[in-house]
K.L.:
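My structure is below; once you've seen it, I'll send some questions.
Within every chain, numbering begins at 1; the chains are lettered A, B, ... in the order of the sequence lines, protein sequences first and strands thereafter. Computed over heavy atoms, backbone and side chain alike; hydrogens, waters and symmetry mates excluded. Since the structure is predicted, the reported quantities are computational estimates derived from the model, not experimental observations.
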Amino acid sequence: EVQLLESGGGLVQPGGSLRLSCAASGFTFSNYAMSWVRQAPGKGLEWVSTISGGTAFTYYADFVKGRFTISRDNSKNTVYLQMNSLRVEDTALYYCAKGTPGYNYGTFDYWGQGTLVTVSS
Amino acid sequence: QSLLTQPPSASGTPGQRVTISCSGSSSNIGSNTVNWYQQLPGTAPKLLIYSSNQRPSGVPDRFSGSKSGTSASLAISGLQSEDEADYYCATWDDSLVVFGGGTKLTVL
């Protein structure tokens with residue numbers, strides 16, 4: 001059974017940093033692209049970043065370029081999102097999502113339950 | 001402002017057929033397949049349709065997807081109360097994943 005378990009969210013001041021983790025199980029982690037998608041309170045889904053399987057190419061939404069870094073540790077079956085220079089507008093529930101091989105990177109077949117990031121002074 | 005445009009709301013009565021549209025451009029829907037996600041209240045999104053018209057295992061055949069040119073549609077037939085949820089389209093666009101703004105479906 002595929003499981004994605006996010007952690008690392010919390011309350012941080014504007015300008016601060018957080019590192020989110022997503023521990024995966026139930027599939028051969030290294031073979032799959034992994035992504036982070038966020039949802040601000042009462043708002044829609046917003047893609048944040050994707051890291052491919054294999055060669056680990058990375059992709060970012062324009063609003064996080066230069067501030068967030070996605071990475072993966074295949075030995076730990078974990079994907080990370082390092083978030084720096086956090087802004088109030090980064091407040092959201094951050095979901096980890098598993099990619100579907102053979103289909104475009106917007107195809108997420110499994111999602112975690114999310115970890116809440118609150119940026120406030 | 002999302003690159004994919006969805007109506008903010010839709011509604012129907014039990015048993016009806018409803019459709020939700022997703023309008024894009026040549027760089028996203030026009031060049032890639034479309035995925036649809038269902039988000040029930042208080043839960044994580046779930047893949048409903050992938051590759052424009054394919055259903056993952058376990059998704060009822062009441063749900064169907066289609067794509068034509070730079071637009072896509074999700075159709076739900078035999079509407080049920082448990083279909084009340086938010087629905088999102090998504091695809092790839094020149095090194096970015098793009099989501100529609102979401103459509104809130106109300107079952108009257």
Side-chain angles (χ1 to χ4, degrees), chain A residues 1-6 9 22 24 27 32-52 55 57-65 68 70 81 89 92-116, chain B residues 1-9 20 22 24-25 27-59 65 67 72 85-105:
Chain A
E1 179 192 6
V2 172
Q3 290 192 337
L4 301 173
L5 184 61
E6 302 98 334
C22 172
F27 62 101
Y32 293 83
M34 299 295 296
S35 298
W36 290 95
V37 176
R38 71 184 187 182
Q39 188 169 35
K43 303 297 185 182
L45 301 176
E46 186 172 50
W47 173 75
V48 175
S49 183
T50 293
I51 185 166
S52 67
T55 51
F57 285 124
T58 58
Y59 306 88
Y60 297 95
D62 288 344
F63 58 81
V64 303
K65 278 182 182 175
F68 293 7
I70 191 170
L81 186 68
E89 54 266 35
L93 185 63
Y94 283 73
Y95 292 104
C96 170
K98 171 184 168 290
T100 309
Y103 300 94
N104 71 54
Y105 283 137
T107 314
F108 309 120
D109 54 6
Y110 288 93
W111 297 65
Q113 289 305 303
T115 186
L116 183 62
Chain B
Q1 188 78 5
S2 176
L3 294 178
L4 303 182
T5 301
Q6 297 181 234
S9 64
I20 297 172
C22 176
S25 67
S27 65
N28 44 61
I29 294 178
S31 306
N32 296 282
T33 57
V34 178
N35 308 297
W36 289 91
Y37 298 91
Q38 178 193 57
Q39 187 175 32
L40 297 170
T43 69
K46 167 190 167 183
L47 181 63
L48 196 65
I49 297 287
Y50 68 97
S51 194
S52 301
N53 56 15
Q54 301 299 304
R55 283 186 308 277
S57 174
V59 172
K67 187 191 106 165
D86 294 325
Y87 293 84
Y88 297 89
C89 57
T91 189
W92 184 247
D93 184 337
D94 190 22
S95 300
L96 302 171
V97 175
V98 289
F99 280 97
T103 298
K104 184 176 184 60
L105 175 64

K.L.:
Using non-hydrogen atoms only, which part of A:Y105 is less than 4.5 Å away from chain B: side chain, backbone, both, or neither?
P.N.:
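For A:Y105, heavy atoms of backbone and side chain both lie under 4.5 Å from chain B.
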K.L.:
Using non-hydrogen atoms and a 4.5 Å limit, figure out which bit of A:Y60 sits close to chain B: side chain, backbone, both or neither.
P.N.:
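Backbone of A:Y60 only, per the 4.5 Å heavy-atom cut-off to chain B.
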K.L.:
Should we say atom CZ of A:F63 is surrounded by more than 12 heavy atoms from elsewhere, each under 6.0 Å from it?
P.N.:
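Result for CZ/A:F63: enclosed.
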K.L.:
Please classify the contact of A:V48 with chain B as side chain, backbone, both or neither, using a heavy-atom distance under 4.5 Å.
P.N.:
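Looking at A:V48, nothing touches chain B.
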K.L.:
Out of curiosity, A:Q39 CD to B:Y88 OH, how far, rounded to the nearest 0.5 Å?
P.N.:
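Going from CD on A:Q39 over to OH on B:Y88, the span is 4.5 Å.
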K.L.:
Can you measure from CH2 (A:W47) to CG (B:D93) and round to the nearest 0.5 angstrom?
P.N.:
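CG of B:D93 is found 10.0 Å from CH2 of A:W47.
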K.L.:
Counting only non-hydrogen atoms closer than 4.5 Å, does B:P56 touch chain A with its backbone (N, CA, C, O), its side chain (CB onward), both, or neither?
P.N.:
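No part of B:P56 comes within 4.5 Å of chain A.
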K.L.:
Determine, step by step, whether A:T107 and B:T91 satisfy the side chain to side chain contact (heavy atoms under 4.5 Å, CB included) criterion, reporting the C-alpha distance in whole Å, the side-chain angles of both residues, the deciding distance to 0.1 Å, and the verdict.
P.N.:
CA-CA 7 Å; A:T107 314; B:T91 189; over 6 Å; no
K.L.:
To check you understand the geometry: which heavy-atom pair defines the closest contact between A:Y95 and B:A44, and what is its length?
P.N.:
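Looks like CE2-CB, 3.6 Å.
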K.L.:
Measure the shortest side-chain to side-chain distance between A:T100 and B:N35 over non-hydrogen atoms and say whether it is less than 4.5 angstrom.
P.N.:
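Of all side-chain heavy-atom pairs linking B:N35 with A:T100, none is under 4.5 Å.
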K.L.:
With only heavy atoms counted, which part of B:S2 is less than 4.5 Å from chain A, the side chain, the backbone, both or neither?
P.N.:
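For B:S2, no heavy atom lies under 4.5 Å from chain A.
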K.L.:
Using the ring-ring contact (aromatic ring centres under 6.0 Å, His included) rule, take A:Y59 and B:W92 through it: C-alpha gap first, then chi angles, then the decisive distance, then the call.
P.N.:
CA-CA 11 Å; A:Y59 306 88; B:W92 184 247; 5.3 Å; yes
K.L.:
Quick one: pull up NZ in A:K43 and CG in B:D86 and give me the separation to the nearest 0.5 Å.
P.N.:
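Those atoms lie 12.5 Å apart.
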K.L.:
Need one label for A:F108: side chain, backbone, both or neither, based on atoms under 4.5 Å from any heavy atom in chain B.
P.N.:
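Both backbone and side chain of A:F108 come within 4.5 Å of chain B.
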